[in-house]
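So the structure is just underneath, and the comments pick up after that.
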Amino acid sequence: PDNSKEVSEEEVDLVKNYRENKKPYLNPDLNLSDLAEALQMTRAQLSQVINIGFKKNFNDFVNSFRVNAFKEKLNEGKHKQLSLLGIAYDCGFNSKATFNRVFKKLTNTSPTEFLNSLSS
């Protein structure tokens with residue numbers, strides 16, 4: 001991809017606002033095409049906005065919000081009613097392996113270690 005291309009602040013804001021208001025990352029089947037369609041952008045356009053505007057690829061972009069949603073739920077005490085995996089599924093992850101791998105990659109800690117660090 002040609003990273004010399006500019007992305008506008010409007011495009012970045014559009015993606016940011018949609019993410020905050022609609023929380024599309026909670027859908028485990030979310031893909032670049034669906035999100036682009038929802039934002040009335042082409043896949044290439046959206047990919048560029050995420051790569052340049054957010055300095056992440058699509059998967060890391062989506063998964064970082066899923067991980068944050070997961071952390072918020074733990075902060076709210078959701079793990080008292082639900083298993084960690086149940087919470088992960090609620091946050092848009094669709095497999096235990098992916099969740100654990102992504103969580104570790106983005107936080108340098110395991111979900112259980114993270115939970116334990118909250119209660120200490």
Side-chain angles (χ1 to χ4, degrees):
D2 175 10
N3 287 333
S4 64
K5 289 193 179 131
E6 287 295 304
V7 298
S8 71
E9 219 169 289
E10 286 79 24
E11 287 173 314
V12 172
D13 284 345
L14 181 70
V15 172
K16 207 178 274 181
N17 291 334
Y18 186 82
R19 180 200 79 216
E20 286 167 8
N21 298 321
K22 301 278 192 238
K23 299 186 170 34
Y25 52 85
L26 296 178
N27 171 4
D29 301 320
L30 182 70
N31 61 41
L32 188 61
S33 303
D34 294 344
L35 189 56
E37 198 175 307
L39 291 163
Q40 298 174 324
M41 290 179 167
T42 65
R43 282 182 55 156
Q45 236 183 329
L46 177 59
S47 185
Q48 200 172 298
V49 171
I50 292 172
N51 291 339
I52 298 170
F54 295 91
K55 298 181 177 44
K56 288 184 162 90
N57 67 35
F58 177 75
N59 285 337
D60 286 349
F61 175 75
V62 171
N63 285 331
S64 64
F65 298 111
R66 289 176 176 158
V67 164
N68 286 338
F70 176 84
K71 289 175 167 178
E72 277 170 27
K73 287 187 186 292
L74 293 193
N75 283 323
E76 292 162 9
K78 285 277 186 272
H79 53 282
K80 295 183 174 79
Q81 301 103 20
L82 279 171
S83 69
L84 293 185
L85 192 57
I87 297 170
Y89 286 140
D90 281 353
C91 295
F93 286 101
N94 57 8
S95 89
K96 183 179 182 176
T98 304
F99 168 63
N100 285 326
R101 180 176 48 77
V102 166
F103 194 90
K104 188 95 184 176
K105 176 183 173 185
L106 296 178
T107 65
N108 295 316
T109 173
S110 76
T112 310
E113 288 165 347
F114 177 80
L115 177 59
N116 293 340
S117 75
L118 289 180
S119 48
S120 57

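Hydrogens, waters and symmetry mates are skipped; everything else that's a heavy atom, side chains included, is used.
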| Asp34 and Asp29: which non-hydrogen atoms are nearest, and at how many Å? | OD2-O, 4.0 Å

| said: Please find the pair of heavy atoms, one from Ala69 and one from Cys91, that lie closest to each other, and give the distance. | reply: C-SG, 3.6 Å

| query | Testing Asn17, Val7, Ile50 for side chain to side chain contact (heavy atoms under 4.5 Å, CB included) with Val12, which one passes? | reply | Val7

| So, do Gln40 and Leu46 sit near enough that their side-chain heavy atoms are less than 4.5 Å apart? | no

| query | Got a second to check how far Tyr18's OH is from Lys23's NZ, nearest 0.5 Å? | reply | 12.0 Å

| Is the closest side-chain heavy-atom distance between Ser110 and Asn100 below 4.5 Å? | no

| query | Atom CG in Asn68, atom NZ in Lys73: separation rounded to 0.5 Å? | reply | 13.0 Å

| In terms of hydrophobic clustering (I, L, V, M, F, W, Y; side-chain heavy atoms under 4.5 Å; direct or indirect links), are Leu85 and Val102 co-clustered? | no

| query | How far does CG of Leu39 sit from NZ of Lys22, to the nearest 0.5 angstrom? | reply | 10.5 Å

| message | With rounding to the nearest 0.5 angstrom, report the CD to CD distance, Glu9 to Glu11. | response | 11.0 Å

| task | Indicate the atoms forming the closest heavy-atom contact of Phe70 with Leu84, along with that distance. | result | CE1-O, 3.4 Å

| message | Test of understanding: clusters of I, L, V, M, F, W, Y form through side-chain heavy atoms closer than 4.5 Å, transitively. Do Leu115 and Tyr89 belong to the same one? | response | no

| query | For Tyr25 and Asn63, what are the C-alpha separation, side-chain angles and deciding distance, and is it a side chain to side chain contact (heavy atoms under 4.5 Å, CB included)? | reply | CA-CA 7 Å; Tyr25 52 85; Asn63 285 331; over 6 Å; no

| Phe99 versus Pro111: any side-chain heavy-atom pair under 4.5 Å? | yes

| Glu76 vs Lys71, side chain to side chain contact (heavy atoms under 4.5 Å, CB included): CA-CA, chis, key distance, verdict | CA-CA 9 Å; Glu76 292 162 9; Lys71 289 175 167 178; over 6 Å; no

| Within-4.5 Å side-chain heavy-atom neighbours: Thr109 and Phe103 | yes

| query | Should the heavy atoms of other residues, nucleotides or ligands under 6.0 Å from CD of Gln81 be counted, would the total exceed 12? | reply | yes

| message | Taking Lys105 first and then Asp60, would you say they form a salt bridge - that is, a charged N and a carboxylate O separated by under 4.0 Å? | response | yes

| message | Any side-chain to backbone donor/acceptor pair from Ser117 onto Phe114? Under 3.5 Å, distance only. | response | yes

| task | Using a 4.5 Å cut-off on heavy atoms from C-beta on, say whether the side chain of Glu113 contacts that of Lys104. | result | yes

| message | Ring-plane angle category for Phe65 and Phe61, please: parallel below 30°, perpendicular beyond 60°, tilted otherwise. | response | perpendicular

| field | Validation row: Met41, Leu14 side chains within 4.5 angstrom (heavy atoms) | value | yes

| So, do Asn51 and Lys56 sit near enough that their side-chain heavy atoms are less than 4.5 Å apart? | no

| Contact check, side chains of Phe54 and Lys16, non-hydrogen atoms, under 4.5 Å | yes

| task | Heavy atoms only: give me the nearest Leu30-Arg66 pair and the separation to one decimal. | result | CB-NH2, 4.0 Å

